[in-house]
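The structure follows.
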Amino acid sequence: MRTSRIRAGLALTGTGVAAAGLAMILASTASAATTLGASAAERGRYFGAAVAANKLSDSTYVTILNREFNSITPENEMKWDATEPSPGTFTYGNADRIVSHARSRGMSVRGHTLLWHSQQPGWAQGMSGTALRNAMMNHVTQVATHFRGQIHTWDVVNEAFADGSGGGRRDSNLQRTGNDWIEVAFRTARAADPGARLCYNDYNTDGVNAKSTGIYNMVRDFKARGVPIDCVGLQSHLTNSVPGDYQANLQRFADLGVDVQITELDIAGANQAAVYGTVTRACLAVSRCTGITVWGIRDSDSWRTGQNPLLFDNGGNKKAAYDAVLTALNDGGTTVTTPPTTPNTSPGTTPPVTTPPTTPPVTTPPGGCSATVTVNQWTGGFVATVRVTAGATAINGWRVTLTLPSGATVSNAWSANRSGNTGTIQWTNVDYNGRVAAGQSTEFGFQSSGTGTGLTPSCTAS
Ligand code: G3I
């Protein structure tokens, strides 16, 4: 793949006497978040990094990762060649290590990627037709099931559109199994992990161009026909500049009813810091741009050898680009409110039943919070997504009480601490999602055995 092309501010307005202005500046400085993840979280977003399992023993790397980021994308460890090296034999060691690192620290995980023309195991590269279609569906089912309940967003399909003026699909063994392979992949992924947001991910799609328009048309078609897609990922491997219509492009996808995420951001060349700031502000300006991932931590961790496209130098020091991103994040923008995943429409599998929120609208007192729950039920289990909404004033922490029906036992949970696995469970915020602005929301979720009927969460601000 090739890189393409590709812009911060702390605006403090003092009025009146100099002393009053100084007081405002001091107050603002004192409240500004000091890490990328904490600042993004204040806007309901994540700020993530691509992580390599073999660097988790590098203390400089891990110190930066744990301090700055609240989302991780495994750089290579979830790809087909890594997870299914021979047909039907699945190896998850490195991917599990990354997921465990993330989740034990309250970070979310982007799964990358279920299907891609590149980094396929040799045995799949040599397949075609129905055999490849079956292998592909089995791969999606097995991998998404293995990680069920642990993945915030899956890149279900990566880089399936061609570069150039046509706006059509890339030729690949997967494409040659039939043009419907992408929607089959999304339906299969939804059936395997109903709680994960499902994303189509690509590069050279940063402005409005033939390729991004081809993808736009596909997403519009999927939404019209009920194919389960929740998100479009723009990789944003950039050099020197960002297209002038970058934000408009994000917005047109969001207007289709999907989230947008900046999934592999790195920026080489001149104006690096300014371009990082521009990209960050564009995401913050689009309420459905839910997060940014940089494709590595230090320049020396980048796949773009010698181009120094990341936020930390080889020694782990913050670069000007880092300051530009943090300043843009702290300047603010819209706050994200993400709807739950759409119902599954998978043929040939038992579709999970999506039930509407089981709690009626709650009148929230000023300073308080309310909670609603959405359940995706399948035979024998369910995923619940709990939305916590602040009242008329911001809250700095929350506690949700939720009683499970008998027979239900929580096996996995994300974005919250919990007091137990059965009966009445207390759920409290993790460090990155405790602060919720007035009237805004954050979410946590869990996977459970049994039946998720009659769930009635209550929320207390702390
Ligand atoms: O792990 C082996 C090592 O054992 C061996 O000695 C060495 C020799 O070449 O190769 C190592 O594997 C390399 C792997 O990265 C881990 O470093 C592969 O050769 C190399 O091909 C692989 O490159 C990855 C590339 O995807 C593959 O296409 C990059 O790390 C990864 O950053 C890059 O990520 C992609 C996204 O998935 C999709 N979008 C584009 C992005 C950049 O290409």
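In what follows, residues are counted from 1 in the order of the sequence shown. Just so you know, ligand 1 is whichever comes first in the structure, and atom 1 is the first atom listed for that ligand.
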Which of the ligand 1 atoms, numbered from 1, are nearer than 4.0 Å to a heavy atom of Asn158: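 Under 4.0 Å from Asn158, ligand 1 has these atoms: 38 (C).
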Heavy atom to atom 26 (O) of ligand 1, shortest distance: which of Glu75, Lys79, Met78, Glu264 holds it?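 Heavy atom nearest to atom 26 (O) of ligand 1 belongs to Lys79.
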Please confirm whether Trp116 comes within less than 3.5 Å of ligand 1 when only nitrogen or oxygen atoms on both sides are compared.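 No, Trp116 has no N/O under 3.5 Å of an N/O on ligand 1.
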Would one find an N or O of Gln235, backbone or side chain, under 3.5 Å from an N or O of ligand 1?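 Gln235 vs ligand 1: N/O contact under 3.5 Å present.
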Applying a heavy-atom cut-off of 4.0 Å, say which part of Tyr203 lies close to ligand 1: side chain, backbone, both or neither.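 Contact part for Tyr203 vs ligand 1: neither.
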May I ask you to decide whether Arg110 forms a salt bridge with Asp155, counting only side-chain N to carboxylate O separations under 4.0 Å?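 Yes.
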Do Val143 and Tyr92 come within less than 4.5 Å of each other through their side chains, counting heavy atoms only?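 Of all side-chain heavy-atom pairs linking Tyr92 with Val143, at least one is under 4.5 Å.
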Under 6.0 Å from the six-membered ring centre of Tyr203 and within 45° of its axis: does the NZ or CZ of Lys211 meet both?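 Geometry flag: set, cation within 6.0 Å and 45°.
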Identify the residue among Asp171, Asn173, Thr177, Asn179 that makes a side-chain hydrogen bond (donor to acceptor under 3.5 Å, both in side chains) with Gln175.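 Per the side-chain hydrogen bond (donor to acceptor under 3.5 Å, both in side chains) rule, the option paired with Gln175 is Asn179, out of Asp171, Asn173, Thr177, Asn179.
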Within 45° cone and under 6.0 Å: Arg298 NZ/CZ vs Tyr61 ring: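 Arg298 over Tyr61 ring: no.
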Heavy atoms only, cut-off 4.0 Å: how does Asn201 contact ligand 1, side chain, backbone, both, or neither?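 Looking at Asn201 and ligand 1, no heavy atom falls under 4.0 Å.
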